[in-house]
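A quick write-up on the structure given underneath.
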2 protein chains.
Amino acid sequence: MTAVLVTNIGELTTNDPSSGDESELGLLHGAALMVEEGRVVWVGEATSAPAADETLDVGGAAVIPGFVDSHSHLVFAGDRAAEFAARMQGRPYSAGGIRTTVGATRAAADEELSANVARLVDEMTRQGTTTVEIKSGYGLSVLDESRSLAIARQFTDETTFLGAHVVPPEYADDASGYVELVTGAMLEAAAPYARWVDVFCEAGAFDADQARAILLAGMAAGLQPRVHANQLGPGPGVQVACEVGAASADHCTHLSSTDIDSLSSSSVVATLLPAVEFSTRSPYPEARRLLAAGVTVALASDCNPGSSYSSSMPLCIALAVREMRMSPAEALWAATAGGAAALRRDDVGHLGVGASADFTVLAAPSYIHLAYRPGVPLVSSVFAAGRRVG
Amino acid sequence: MTAVLVTNIGELTTNDPSSGDESELGLLHGAALMVEEGRVVWVGEATSAPAADETLDVGGAAVIPGFVDSHSHLVFAGDRAAEFAARMQGRPYSAGGIRTTVGATRAAADEELSANVARLVDEMTRQGTTTVEIKSGYGLSVLDESRSLAIARQFTDETTFLGAHVVPPEYADDASGYVELVTGAMLEAAAPYARWVDVFCEAGAFDADQARAILLAGMAAGLQPRVHANQLGPGPGVQVACEVGAASADHCTHLSSTDIDSLSSSSVVATLLPAVEFSTRSPYPEARRLLAAGVTVALASDCNPGSSYSSSMPLCIALAVREMRMSPAEALWAATAGGAAALRRDDVGHLGVGASADFTVLAAPSYIHLAYRPGVPLVSSVFAAGRRVG
């Protein structure tokens with residue numbers, strides 16, 4: 001049982017006001033943290049640190065909790081660079097593009113899909129993400145959804161069954177038949193590999209009744225609900241999320257006052273995905289309205305080949321600050337503790353005593369640089385459960 | 001004299017329509033390029049490549065010319081993270097913040113300034129930049145401007161004397177006295193270390209007459225002119241740039257129709273710096289108007305601790321596409337060949353025969369991914385004059 005002291009931390013974000021200052025970030029300066037068996041066992045001023053077996057001196061750098069990216073779609077084949085370029089010339093984004101990736105994903109061998117997930121997870125890790133949720137949703141058949149989740153499960157416990165991403169072409173004239181499949185045989189095959197059930201509740205995808213049926217079926221099979229809600233326009237997604245007690249309503253780009261009221265009187269996290277708005281040239285969610293209403297806000301990448309092929313949580317933070325007027329502190333909290341809340345995890349997203357020792361050393365003196373220095377790779381090393389991974 | 005063949009290039013951007021397809025990017029697929037003595041000596045289809053002494057197989061990746069970042073301010077001390085955070089809470093950007101950095105820079109030892117430049121140049125290199133222009137402008141005294149340029153010259157030949165960045169506090173009541181200093185003793189001390197002379201022609205900095213006097217004095221001392229023009233509001237900067245025959249008018253955020261006409265009937269490059277607008281939450285330049293008028297457009301980072309502490313040319317490309325509606329091809333051209341034009345260089349910014357072998361291998365099949373995958377570090381290796389540097 002080796003005790004490792006991470007020390008000479010110029011600025012430590014604990015996300016634990018009882019460990020650091022009284023701000024939500026629980027900041028400490030001149031700090032250290034002790035890691036044993038992958039957990040944080042002590043945190044405080046470096047000068048009062050207990051004795052350790054080993055020491056890691058980070059040279060005055062800022063240390064933050066590993067990012068918790070609670071929304072991604074990494075199991076796919078192919079890319080959609082041409083669709084992206086056309087969109088930038090003025091073609092609007094629509095959910096229909098998902099079907100392009102469904103075709104490529106169904107045609108791909110397991111090894112190809114797995115290698116693509118490995119590449120993207122590695123890319124995320126090198127950018128400071130230590131917990132990632134991965135959805136299915138480009139298989140849309142019993143076999144392709146279950147194998148997508150089996151592949152995702154090799155990389156994370158936070159796997160999400162999203163058979164209800166869009167209605168696949170072969171069910172174009174029989175959406176209710178597809179909902180029956182999703183809630184029946186597909187769910188049965190997928191559930192062993194999934195923690196979560198999700199649905200894209202949106203015009204062009206699934207309506208409120210369909211979404212409710214899918215989420216309730218998933219919950220009956222032991223999965224916990226989360227919802228793609230109100231991305232492309234106003235709609236019932238947030239209401240359905242609140243009604244079923246989802247962990248998170250994701251996107252939240254087009255919210256009514258009623259939606260905000262519902263979120264604020266529930267425990268549903270609003271997960272904002274600003275890289276989508278960046279990559280689809282859409283208006284950004286109104287983070288300040290959500291924060292003012294006391295809603296818990298998370299930031300995630302939505303990494304996927306269509307609407308947001310970015311795996312960069314630092315970019316999400318920079319966009320949240322620039323475009324959604326979150327403070328650098330609110331944005332960092334949302335990308336770490338917020339993501340953990342959206343995944344109902346209390347062991348990640350913070351560096352208080354007892355947390356998993358998932359942390360990122362920045363090539364910067366303060367977390368503020370994540371927004372102040374947009375686009376710059378500022379992650380110098382990444383640790384998960386106390387072991388260096390990036 | 002070793003001949004190295006870089007081969008298995010999935011997509012090669014040459015920026016030379018005579019080497020590749022007829023597009024401005026001069027694209028080749030399944031390509032190779034031969035490097036001898038730091039220069040490109042052959043480029044074409046991999047299958048018809050001549051014999052080489054060594055081979056570098058890039059595994060089907062995209063290869064692009066190294067970025068030419070024609071506008072940066074890297075010689076400084078301190079940072080302005082707190083000013084950034086306050087700005088994001090609503091305080092507007094003003095030129096006055098420059099004076100904060102002037103104080104820190106004057107107080108810093110040469111070694112500290114030099115180490116900071118080295119850190120930022122290294123950061124740029126790792127992001128694919130192989131040519132960088134570096135300005136003085138945080139010294140604003142004879143001694144501090146000349147030592148800033150002497151330090152910059154250790155890293156690049158593209159050094160720019162910007163004694164006319166702002167009027168320093170000690171000349172607050174005597175701007176014309178400061179212009180005399182800049183055009184006199186300061187220029188004399190700076191000229192041996194500088195290729196370019198620049199002036200911040202803007203309300204709060206220098207007016208048209210002052211700018212003209214400074215640029216003409218620099219030209220008389222053998223320097224070539226470039227201008228900070230029309231950043232914070234309409235003004236005479238572009239007109240002065242055209243009048244003196246500047247290589248580039250930089251920023252160009254607030255242009256009149258007359259300004260655009262003047263640029264289009266001159267050889268002045270319009271260098272756009274969208275990371276500034278991102279970091280100051282300002283409106284972006286109208287790139288499409290400039291392109292429609294036939295103006296040569298460059299993209300650069302303007303890396304500096306105040307208005308744009310980003311060294312990321314990939315971010316500039318992503319912003320140019322998202323926010324200024326440049327196509328991914330126009331943006332890549334502007335960040336490479338455009339930057340070279342802004343520095344009056346014909347040896348960099350392209351990979352035609354005779355060019356310096358400055359190129360970047362992307363972890364992507366196409367340059368389009370630079371915009372399609374914002375924030376993601378996609379640079380896998382970087383070569384300058386044929387040698388690996390990043």
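Side chains included, hydrogens not; waters and symmetry mates left out as well; all remaining heavy atoms used. Sequence lines set the chain letters: A, B, ... in the order given, protein chains first and strands last, and positions in each chain run from 1.
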For this session: Kindly indicate whether the side chain of A/P274, heavy atoms from C-beta on, has any atom under 4.5 Å from the side chain of A/L299.
Result: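 A side-chain contact under 4.5 Å exists here.
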
Given the options [options], which has more heavy-atom pairs under 4.5 Å with chain B than any of the others?
{"options": "A/R87, A/E277, A/R126", "answer": "A/E277"}
{"options": "A/M313, A/M88, A/Q127", "answer": "A/Q127"}
{"options": "A/S308, A/A363, A/A371", "answer": "A/A371"}
{"options": "A/T280, A/I368, A/D79", "answer": "A/D79"}
{"options": "A/P374, A/A318, A/P377", "answer": "A/P374"}

Which region of [X], side chain (C-beta onward) or backbone (N, CA, C, O), has a non-hydrogen atom less than 4.5 Å from a non-hydrogen atom of chain A, or is it both or neither?
{"X": "B/C303", "answer": "side chain"}
{"X": "B/I317", "answer": "neither"}
{"X": "B/P365", "answer": "side chain"}

For this session: Can you run down the side-chain hydrogen bond (donor to acceptor under 3.5 Å, both in side chains) pairs that involve residues 60-72 of chain B, sequence neighbours left out, and say none if there aren't any?
Result: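 For residues 60-72 of chain B, and leaving out neighbouring residues, the side-chain hydrogen bond (donor to acceptor under 3.5 Å, both in side chains) pairs sorted by first residue read B/D69-B/S301, B/H71-B/H73, B/H71-B/H228, B/H71-B/D250, B/H71-B/D302.
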
For this session: Could you tell me whether B/K135 and B/E133 have a side-chain N and a carboxylate O separated by less than 4.0 Å?
Result: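 B/E133 and B/K135: salt-bridged.
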
Exercise. For B/F359, what residues pass the ring-ring contact (aromatic ring centres under 6.0 Å, His included) criterion, not counting sequence neighbours?
Worked result: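 Here the qualifying residues are B/F383.
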
So which of [options] has the largest heavy-atom pair count under 4.5 angstrom toward chain A?
{"options": "B/A85, B/A329, B/A82, B/S282", "result": "B/S282"}
{"options": "B/E123, B/Q89, B/M124", "result": "B/E123"}
{"options": "B/R322, B/M326, B/E323", "result": "B/R322"}

Could you look at [X] and say if it's the side chain, the backbone, both or neither that has a heavy atom under 4.5 Å from chain B?
{"X": "A/S327", "value": "both"}
{"X": "A/R119", "value": "side chain"}
{"X": "A/A81", "value": "both"}

Exercise. When rounded to the nearest 0.5 angstrom, what distance separates CG in A/L315 from CZ in A/F278?
Worked result: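 Answer rounded to 0.5 Å: 6.5 Å.
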
For this session: Can you measure from CG (B/L272) to CD (B/E286) and round to the nearest 0.5 angstrom?
Result: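 The CG atom of B/L272 sits 11.0 Å away from the CD atom of B/E286.
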
Exercise. Do A/S381 and A/R388 have side-chain N/O donor and acceptor atoms under 3.5 Å apart?
Worked result: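 No, A/R388 and A/S381 have no side-chain donor paired with an acceptor closer than 3.5 Å.
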
Problem set entry | No-hydrogen, no-angle side-chain donor-acceptor test under 3.5 Å, A/E83 and A/T100 |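 Side-chain D/A pair, A/E83 to A/T100: absent.
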
Problem set entry | Reference residue A/F67; test side-chain contact (heavy atoms from CB on, under 4.5 Å); the match among A/V382, A/T125, A/T129 |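 Of A/V382, A/T125, A/T129, side-chain contact (heavy atoms from CB on, under 4.5 Å) with A/F67 is met by A/T129 alone.
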
